[in-house]
Amino acid sequence: MSSTLDETAAADHTRRHMTTLLLEERDDEWIVTQGGVDIEGEGPTAAAAAADYCRKIEHAE
């Protein structure tokens, strides 16, 4: 996948990464997944499901 992010300057120590999350609406719930990752986020809105996914990723071992 190509990135549209500008290259960082040598003095800039920011690390940038790009990924794609799949948001799927199922009835009254949103599900968030990512290719190659066995974790799902769920929520009543796409944003809530994405936040749930990120929390689960943060605490995954």
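- L23 and Y53 end up in the same hydrophobic cluster when Ile, Leu, Val, Met, Phe, Trp and Tyr side chains are linked at under 4.5 Å.
- Taking all atoms of both residues into account, the shortest heavy-atom contact from D52 to E42 is OD2-N, 2.8 Å.
- The two residues A49 and W30 make their nearest non-hydrogen contact at CB-O, 3.5 Å.
- Only one option out of H59, Q34, K56 pairs with I39 in a side-chain contact (heavy atoms from CB on, under 4.5 Å); it is K56.
- Here the straight-line distance linking atom CG of D38 with atom OG1 of T33 works out to 10.5 Å at 0.5 Å rounding.
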